[in-house]
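Read the structure below first, then the notes.
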Amino acid sequence: MSEQTLPTTGRAWHLEARPVGWPTPLEFALREVSIAAPGPGQILVANEFLSVDPYMRGRMSDKKSYIEPYEVGEPLDGPAVGRVLASNAEGFAVGDHVMHALGWRDYAVLDAATAQKVDQNLAPLSAYLGVLGLPGLTAYIGLTRFAQVQQGDTVFVSGAAGAVGSMAGQIAKLQGAARVIGSAGSDDKVKLLVEEYGYDAAFNYKNGPVAEQLAQAAPDGIDVFFDNVGGEHLEAAIGALKLHARIVLSGMVSQYNDEKVVGPRNLWNLSVTRSKILAFMFNEELDLQPDFIREVGGWAATGKLQFRETVFDGLDNTLDAFLAMMRGENVGKMVVRL
Ligand code: NAP
């Protein structure tokens, strides 16, 4: 694209008001924005894939968190992959593909230092938002650094058919777990866990109490719980711990829209079993990224890791994609294709 045909306007999703409980379209607006020419050290990117993630729900509130809230009246942001349309930065050429943090919009002008080049010959572009991106990395960090999966472990993963969860179960198995159990919110997802992702057992948490279904799937208890969900799942897992077990808190998606938070009532079982609860945020563990790219990238390239995506088309459908993901309508990573 020549300089003359560079876009001068684009569209970006804005937060209009802070949602209470489940977000509704009333709290968001897709507005026209002007696009400046890239300044020194900057690039102009046409986004091709946008990520919608559960943590974004937290940023729509202004409660104390590990990350700054979105500002009311300002554009939302998040992971995206796009093509460089214009570059004023050394090392970035027109046509390069980059991953960056200015999603929820069609065009982005950003400091090239905050972007990472990606190669679509190595993996499809959307994979850099899923298996090779933040969700895959989160699963890898949680299991490698925190759960420290041992040969023979029984591992339980909640949210097991989602972007992080589907990676966590498979990676645990590749790291030597003897038995991997997953929970998800539909019978179709449960089937997928066992038939495609290699889970040894799986259950639909909507079909009955989690504690009862977990006891059936893991009669001898669990060594590791990789938790994406919190609430009832966390209490059930604490009740099923073996001696010296590890619970890794990846997230608590069951509570992100719920003003009333359900806490586990059986924490004493951590003492009884001398177990640990470990929490982490992927962005503080980025030293593991080279190992992640080598190991997980290798498994993905050789077909040892299966990954799926749910794709919504068009910037207009970004909010719908986000809400659908929060409702569980995704299998694997939810992305928006522009
Ligand atoms: P995802 O699992 O692909 O999508 C969200 C899923 O949450 C939905 O598909 C839905 O699946 C499930 N869900 C929604 N409401 C639920 C409820 N009430 N109870 C149980 N499950 C519910 O999302 P993701 O990107 O992979 O994120 C998964 C978790 O990882 C989130 O908690 C996120 O915050 C966390 N995370 C943590 C880090 C970190 O650094 N610690 C980084 C990234 C993500 P069902 O159909 O199974 O209900």
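Every number for a ligand or one of its atoms is a count from 1 in the order of the listing. Just so you know, these numbers use all the heavy atoms, side chains as well, and skip hydrogens, waters and symmetry mates.
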Output yes when the distance from some N or O of ligand 1 to some N or O of [X] is under 3.5 Å, and no in every other case.
| X | answer |
| --- | --- |
| S186 | no |
| G185 | yes |
| F280 | yes |
| Y256 | yes |
| K189 | yes |
| V229 | no |
| V164 | yes |
| L249 | no |

Nearest neighbour in protein (non-hydrogen) for [atom]:
| atom | answer |
| --- | --- |
| atom 13 (N) of ligand 1 | V253 CG1, 3.7 Å |
| atom 25 (O) of ligand 1 | P54 CD, 3.3 Å |
| atom 10 (C) of ligand 1 | G328 CA, 3.5 Å |
| atom 32 (O) of ligand 1 | N228 O, 2.9 Å |
| atom 2 (O) of ligand 1 | G162 CA, 3.3 Å |
| atom 38 (C) of ligand 1 | T138 CG2, 3.4 Å |
| atom 40 (O) of ligand 1 | F282 N, 2.8 Å |

Plane angle bin for F28 and W104 - parallel if under 30°, tilted between 30 and 60°, otherwise perpendicular: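 It falls in the parallel class, under 30°.
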Verdict with reasoning, H233 to F156, per side chain to side chain contact (heavy atoms under 4.5 Å, CB included): CA-CA 10 Å; H233 275 85; F156 174 41; 3.9 Å; yes
Just verifying a value: how many Å separate [X] [atom1] and [Y] [atom2], rounded to the nearest 0.5 Å?
| X | Y | atom1 | atom2 | value |
| --- | --- | --- | --- | --- |
| L249 | M281 | CG | CE | 9.0 Å |
| I67 | Y55 | CD1 | OH | 5.5 Å |
| S166 | N330 | OG | CG | 9.5 Å |
| N269 | S275 | CG | OG | 7.5 Å |

Closest to atom 4 (O) of ligand 1 (judged by heavy-atom distance), picking from L134, N330, V331: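 Nearest option to atom 4 (O) of ligand 1, by heavy atoms: N330.
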Residue selection (non-hydrogen contact nearest atom 21 (N) of ligand 1) among Y205, F146, Y55: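 That would be Y205.
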Does ligand 1 have an atom that lies less than 4.0 angstrom from a heavy atom of [X]?
| X | value |
| --- | --- |
| S250 | yes |
| P135 | no |
| G332 | yes |

salt_bridge(R327, D320) N-O dist < 4.0 Å: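 Not counted as a salt bridge, because no side-chain N and carboxylate O are separated by less than 4.0 Å.
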SB check D291 R294 (cutoff 4.0 Å):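 The answer is yes: the pair qualifies as a salt bridge.
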Test log, rule side chain to side chain contact (heavy atoms under 4.5 Å, CB included), inputs R105 and V33: CA-CA 9 Å; R105 67 197 73 194; V33 291; over 6 Å; no
Under 4.0 Å to a heavy atom of M325 - the qualifying atoms of ligand 1, by number: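 Once the distances to M325 are compared, the set is 4 (O), 5 (C), 8 (C), 9 (O).
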For A163, atoms of ligand 1 separated by under 4.0 Å from a heavy atom: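 Once the distances to A163 are compared, the set is 1 (P), 2 (O), 3 (O), 26 (O).
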For ligand 1, the portion of M334 having any non-hydrogen atom under 4.0 Å away: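 No part of M334 is near ligand 1 at this cut-off.
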Ligand 1-proximal atoms of K333, by part, heavy-atom distance under 4.0 Å: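 None of K333 does.
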Within 6.0 angstrom of K117 NZ, more than 12 heavy atoms from elsewhere: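 Yes - once you tally the heavy atoms of other residues, nucleotides and ligands closer than 6.0 Å, there are more than 12.
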